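All remarks here apply to the structure that follows.
Side chains are part of it too, since the values below use all heavy atoms of this structure and drop only hydrogens, waters and symmetry mates. All figures in this text were calculated on a predicted structure; none of them were measured in a lab.
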2 protein chains.
Amino acid sequence: MASMNEVAKRAGVSIATVSRVLNNSDSVNETTRIKILKAIKDLKYQPSRVAKRLRSKSVSSNLLGVLIPDIQNPFYVDVLRGIEDIAYKNNYAIIMCNYGQDEKKEIMYLDILQSESIDGLIAAPVSENDQRLKSIIKNGLPVVCVDRGLIGIDVDIVWVNNEEGAFAAVSHLVKSGYKRIAFISGLPSIPSSRMREKGYRRALEKDQLFLPELVKYGNSSYDSGVTLCAELLDLPNPPDAIFTCNNLITLGALETIHKRKKQIPKDVAIVGFDDMFWSSSLNPPLTAVRQPAYEIGKRAGELLIQRISDPQRPCIQMTLNAELMIRSSC
Amino acid sequence: MASMNEVAKRAGVSIATVSRVLNNSDSVNETTRIKILKAIKDLKYQPSRVAKRLRSKSVSSNLLGVLIPDIQNPFYVDVLRGIEDIAYKNNYAIIMCNYGQDEKKEIMYLDILQSESIDGLIAAPVSENDQRLKSIIKNGLPVVCVDRGLIGIDVDIVWVNNEEGAFAAVSHLVKSGYKRIAFISGLPSIPSSRMREKGYRRALEKDQLFLPELVKYGNSSYDSGVTLCAELLDLPNPPDAIFTCNNLITLGALETIHKRKKQIPKDVAIVGFDDMFWSSSLNPPLTAVRQPAYEIGKRAGELLIQRISDPQRPCIQMTLNAELMIRSSC
DNA sequence: GCGACAAATGTAAACGTTTTCATTGAGAAA
DNA sequence: TTTCTCAATGAAAACGTTTACATTTGTCGC
């Protein structure tokens, strides 16, 4: 790869002048500009983003970090798509880090991201108490949280109203006449799980339908959905409806219900948090709480780029609406 | 962030010595080593991967590129997971580039990746004739192709036997007695689409069942599945079975079939290329050709890391098996 | 015709590492 | 004692940029 030095030599100027035309930062004679542009073309010169990043901390080095707990979850894939679209438009590249809800791995990735001198970070932290992330924010790195916030520190957040979304879903089950409504939760250390549980309880307690034995906690994975749904169905007095805490749990629970040849919603109804674009092709078409995942990613990307150019801007917490998509699983 | 210089000062040594203990590359006195390690701890020093990458092209800078056409396709998500697992184990970070099957975008990303001085690249190129990627390979960057190969150049490839997979699926339809078997293809510029079409034709021609009007070409997206499936069903003499070229097309076609209240497989059968972990929860449980996507990613990651440490190793083309998962959609 | 100013360009330091080469000192061999 | 070897360390260059500062012109006002 040709360097700026070679371009300068070929054009018969100094590297400073080359840099000037590249960033058109300063006045340079039209004839030399043309000479330089020609040399760049001839040599197929491409500036090194690495050198740029090393040299100028102030100026954008055009690299963003994205830190998510589970790339297998279609919700995060859509968030990522939203981020990526904005990043591409602004000439940013993305370092993608998938930490699998493993705190050790998350810390390692945070270290790597810092070490890569990224311009900014979009993260769904392992917990709202994430010390490492908080200290990175305090050090001045622009950060936007998605889906999960942080406590004890001011930070941009984009998420949905989890409690209201869950409340709407479970209220719908109650209105439909279900009496024993179970909840398969994710990790209680994840704030969104807790908020969804809160909405679930609030909807039930109105009508005194809350039954502690019908709440199961897992690790938010597909497998946890499979297992915990089986546990629920094995109960001497099983639930007549199940509310699942996320995408993967929903799919896992469906798997179990189908394996046992139970009819949905006749034998047991199900409503999930997180919609999927193929939800209407599931058996049966799934009633689900839709988060605008792509939009969340897009907004987060925009906020981040704003913050990079204006670090002083006050923090924004953007709560988007979750919408109940009623289909036929309840 | 503390730099090596500050560590050196605090430990009362030169940066050379600090570098030596960090890479334990050379003999250094035990007492000074301890002093330095303490200084590193005190200052929470973390080496800059950027400076490292700039300085030593020879030594690994621990950054990999991944270039994929569509992150929304669950197949690529699983490939990515496989890559990521291997990368993490080897202390590599990943720059993820999703080019949306857009050649312009792909070229821009390839430029960025080069400019970022990545150590190696895993790519599913836009076409088998991808000039930019070929020239990058010629320049000596370690590259492994996944899912799609390149012609006219020797390169590591990990993929499945697309033709055989398609052949098995369509043969199964033939054996089940279907006579008018349609194919919703992806972009013909994508090699895997063509190989799958080849398998489809071969399976039909055996029994003279091939009907050109039942082959539709799209852009491999969900929407193309929706639209082209509608076109097929609108035919005066519609197909009694449909074979779909990938994940997203399958889901799109299902959407259309359900919207029209057609029964699967009574009114029309469907078999898809690409399995999903929730296939058995679809309506009906989907018969599909399973690619070992995670395994593909893992193998590609391993091959890449091998190649980085030994650029001379002869190229390998690894063909994994595609397996027909028979459920109840045909 | 002279000082002032602006346009155009160059020089060199800096970013944070790795790495080559040189230097020091101590112990061993002669 | 002298010389040699080797362990331990430092000095400085290099990677490819940006940028502060310096220098050289030419033009303009007077």
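For the residue pair B:Thr31 and B:Asn29, a side-chain donor N or O sits within less than 3.5 Å of a side-chain acceptor on the partner. A donor-acceptor pair shorter than 3.5 Å cannot be found between the side chains of B:Asn129 and B:Ser127.
The separation between A:Leu54 atom CG and C:dA13 atom C1' is 13 Å, rounded to whole Å. Going from atom CG of A:Leu22 over to atom C1' of D:dT17 covers 10 Å, rounded to whole Å. Taking atom CE of B:Met1 as the reference point, atom P of C:dC15 lies 14 Å away to the nearest angstrom. Taking atom CZ of residue A:Arg33 and atom P of nucleotide C:dA7, one finds them 14 Å apart after rounding to whole Å. Distance CZ (A:Arg49) to P (D:dT18): 12 Å, rounded to an integer number of Å. The nearest whole Å value for the distance from the CG atom in A:Asn24 to the C1' atom in C:dA7 is 16 Å. In this structure, A:Asn29 atom CG and D:dT27 atom P are separated by 13 Å, rounded to whole Å. Look at CE on B:Met4: it is 12 Å from P on C:dG16, rounded to the nearest Å.
Within the 4.5 Å cutoff, side-chain heavy atoms of B:Asp85 are placed close to those of B:Tyr294.
For A:Ser19, the listed nucleotide lying nearest its side chain is D:dT18; candidates were D:dT18, C:dT18, D:dA8. Residue B:Ser48 has its side chain nearest to C:dT17 when only D:dG16, C:dT17, D:dT18 are considered. The nucleotide whose nearest atom lies closest to any side-chain atom of B:Arg55 is, among C:dT18, C:dG10, D:dT19, C:dT18.
Put simply, the side chain of B:Arg20 and the base of D:dG10 share a donor and an acceptor less than 3.5 Å apart.
When heavy atoms are screened at a 4.0 angstrom cut-off, B:Val13 is found touching the sugar-phosphate backbone but no base atom. Using a 4.0 Å heavy-atom distance criterion, B:Glu6 is classed as making no nucleic acid contact. At the heavy-atom level, A:Gln46 lies under 4.0 Å from the strands shown only through sugar-phosphate atoms.
Not less than 6.0 angstrom separates the ring centroid of B:Tyr88 from the ring centroid of A:Tyr99.
Where A:Asp26 and A:Pro47 meet DNA chain D, the nucleotide closest to each residue was compared, and A:Pro47 sits on the side nearer the 5' end. Sequence order on DNA chain C of the closest nucleotides to A:Val28 and B:Val18 puts A:Val28 first from the 5' end.
Side-chain atoms of A:Ser19 do not come within 3.5 Å of backbone N or O of A:Ile15 as any donor-acceptor pair.
For the pair A:Thr17 and C:dT9, the criterion of a side-chain N or O lying under 4.0 Å from OP1 or OP2 is not met. In this structure, B:Ser56 does not reach the C:dT17 phosphate: none of its side-chain N or O atoms is under 4.0 Å from OP1 or OP2. When the side-chain nitrogen and oxygen atoms of A:Thr32 are compared with OP1 and OP2 of C:dT9, one or more of them lie within a distance under 4.0 Å. Phosphate contact (OP1/OP2 of D:dG10, side-chain N/O of B:Ser14, threshold under 4.0 Å): present. For the OP1/OP2 pair of C:dT18 and a distance below 4.0 Å, the side-chain nitrogens and oxygens of B:Asn23 include at least one atom meeting the criterion.
Atom NZ of B:Lys9 sits in a sparse spot, with 12 or fewer heavy atoms from other residues, nucleotides or ligands closer than 6.0 Å.
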